[in-house]
Every structure is written in structure tokens, then in C-alpha cells.
Amino acid sequence: MTNLTGLSLDRNLLNGTIPSTIGQLTSLTSLWLFDNQLTGEIPESLGTPASIHTIWMSGNQLSGPIPQSLGQLANLTYLDVSDNRLSGPIPPSLGRLSNLWSFDFGGNPALNGTLPDGFAKTIFCLNGGKTNVKPPRPDSTLAFCSTDKAATSAASDGAPVAGMVGRVLGALAALAGVLSL
């Protein structure tokens, strides 16, 4: 099982805890456990698979802190732990993940503290609604997905298109411009 790269067990009504042995899946690149009935804490060992880029655990009943060890996942691009029962501050180590472009921790009212400053430099899409986490600066927000001008112009009605869709549409619009030359 150490060669397993993707684990998609979403929407299966799974219950119980996530085993700490999950960290032994050293080739894991994506973990989809969303919309189940999982309980307990997110294991610290989840910070072990160095190649992991996607962790999606929303819509469970996970509790306790977000593990500090997730800040060791240099390839992590997408982290969704929304709509659980997580508590405590956002680990400062997550603010140092230079590849993290989407972080959703909304819907965890017991999360608190201040979002580490590093997120402002790297994050593309952030949701911290329905938590007690404060933005790093009073003039910033905890819920945004940035857009770019190419994505806006790619939308049929000229309205901004947010999130990954916006990024993809922006790239397609730029590619279309190159191909028409």
C-alpha cells in the first residue's frame, strides 16, 4: 500500500477515526475523505507523505486542532477542513506553505486566533467564515477568491469568475489570444 497515490473515500458514510497509519502511505498525493461521518482528531502523521498536494476532509465531525505537521507538506496546494468541529488556532506552519493556493477552514466555530501573515502572499482562495479566526490585518478578510482580468473577460457577461474556474478560464483566454495571432 505504500505505492498508493490517491485515496478517494468521499461520500461513503464512513465513521470512526482516521488511523494514524495514514502517514505510512508515503506516495499519497491526494486524500479525499469529505462528506462522511469521521470523528476524532486529524492525525499528526498526515504531515508525513511529502508528495501530497490535496487534502479534502470537509463535512465530517473531526475535532481538535489542525495538526502543525501539515505545515511540512511543501507540495500541498489544496486543503479543505471546512464544516467540522476543529478548534484552536491555525498553525503558523501553514502560513509558510508556498504552494498552498486554496485553504478552506470555514464552518469550524471553535477555530480561533489570528491567521498567520504568510497566507496573504501565497493564497489564491481562502474561506474562514463561521470561525473565530481573525485576519492578520484589520483591513483584510477571511473569505476571498482572487480573479484576474483575463478570467473576467472570458466570462460571457463580463462578470468576475472566482476560484480555480477563474484561473482556468484566464489561462484559456490567454491561450485563445495566442492561437488567434
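Just so you know, these numbers come straight off a predicted model, no measurement behind them.
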Quick check against the 3.5 Å criterion: does Thr131 have a side-chain atom that pairs as donor or acceptor with the backbone of Val133? yes

Before you tell me yes or no, could you show the steps for Met57 and Phe34 under side chain to side chain contact (heavy atoms under 4.5 Å, CB included), namely the whole-Å CA-CA distance, both residues' side-chain angles and the distance that decides it to 0.1 Å? CA-CA 4 Å; Met57 297 183 179; Phe34 64 91; over 6 Å; no

Compute whether any side-chain donor of one residue and acceptor of the other, for Asn112 and Asn132, lie under 3.5 angstrom apart. no

Of all heavy-atom pairs linking Gln61 and Asn84, the shortest is N-OD1, 3.3 Å

Tell me whether Asn108 contacts the main-chain N or O of Arg85 through its side chain, where contact means a donor paired with an acceptor under 3.5 Å. yes

Spell out, as yes or no, whether a donor-acceptor pair under 3.5 Å connects the side chain of Ser30 to the backbone of Gly6. no

Any idea which heavy atoms bring Cys125 and Ile123 closest together, and the distance? O-CG1, 3.5 Å

Would you say the side chain of Asn36 lies within less than 4.5 Å of the side chain of Asn12, judging by non-hydrogen atoms? yes

Answer yes or no: is there a side-chain heavy-atom contact under 4.5 Å between Thr54 and Leu31? no

Please lay out, stage by stage, how Thr114 and Ile90 fare under the test side chain to side chain contact (heavy atoms under 4.5 Å, CB included). CA-CA 7 Å; Thr114 302; Ile90 304 295; over 6 Å; no

Find the distance between CD (Gln24) and CG (Leu4) and round it off to the nearest 0.5 Å. 12.5 Å

Which heavy atom of Gly71 sits nearest a heavy atom of Ser93, and at what distance? CA-OG, 3.4 Å

Which of Leu115, Asp104, Leu100 passes side chain to side chain contact (heavy atoms under 4.5 Å, CB included) with Leu126? It is Leu115

Is a side-chain N or O of Asn60 found less than 3.5 angstrom from the main chain of Leu38, in a donor-acceptor match? yes

Working for side chain to side chain contact (heavy atoms under 4.5 Å, CB included), residues Leu28 and Ser51: CA-CA 6 Å; Leu28 196 64; Ser51 56; 5.6 Å; no

Value rounded to 0.5 Å, distance of CG in Leu9 from CG in Asp35: 13.0 Å

Contacts of Phe103 that satisfy ring pair (Phe, Tyr, Trp, His ring centres under 6.0 Å) - sequence neighbours left out: Phe105, Phe119

Would you check, one step at a time, whether the test side chain to side chain contact (heavy atoms under 4.5 Å, CB included) holds for Leu86 with Leu62? CA-CA 6 Å; Leu86 299 173; Leu62 298 169; 4.1 Å; yes

Please report the shortest heavy-atom distance between Pro92 and Pro116, naming the atom on each side. CA-CG, 3.6 Å

Could you pull out every donor-acceptor pair under 3.5 Å between side chains of residues 73-80 and any protein atom, sequence neighbours left out?
{"from": "Asn75", "atom 1": "ND2", "to": "Ala50", "atom 2": "O", "distance (Å)": "2.9"}
{"from": "Thr77", "atom 1": "OG1", "to": "His53", "atom 2": "O", "distance (Å)": "3.0"}
{"from": "Tyr78", "atom 1": "OH", "to": "Asp80", "atom 2": "OD2", "distance (Å)": "3.4"}
{"from": "Asp80", "atom 1": "OD1", "to": "Ser82", "atom 2": "N", "distance (Å)": "2.9"}
{"from": "Asp80", "atom 1": "OD1", "to": "Ser82", "atom 2": "OG", "distance (Å)": "2.7"}
{"from": "Asp80", "atom 1": "OD2", "to": "Trp56", "atom 2": "NE1", "distance (Å)": "3.2"}

If you take all heavy atoms of Ile22 and Ser45, which pair is closest and at what distance? CG2-OG, 3.8 Å

Would you check if the side chain of Thr5 reaches a backbone N or O of Thr29 as a donor-acceptor pair within less than 3.5 Å? no

Is there a side-chain contact between Leu70 and Ile55 in this structure, where contact means two heavy atoms from C-beta onward sitting under 4.5 Å apart? yes

Ile18 and Pro43, any side-chain heavy atoms less than 4.5 Å apart: yes

Side-chain heavy-atom pair Glu41, Pro65 within 4.5 angstrom cut-off: yes

Using 0.5 Å steps for rounding, measure from the CG atom of Leu33 to the CD1 atom of Ile42. 9.5 Å

Between Glu44 and Ser20, is any pair of side-chain heavy atoms under 4.5 Å apart? no

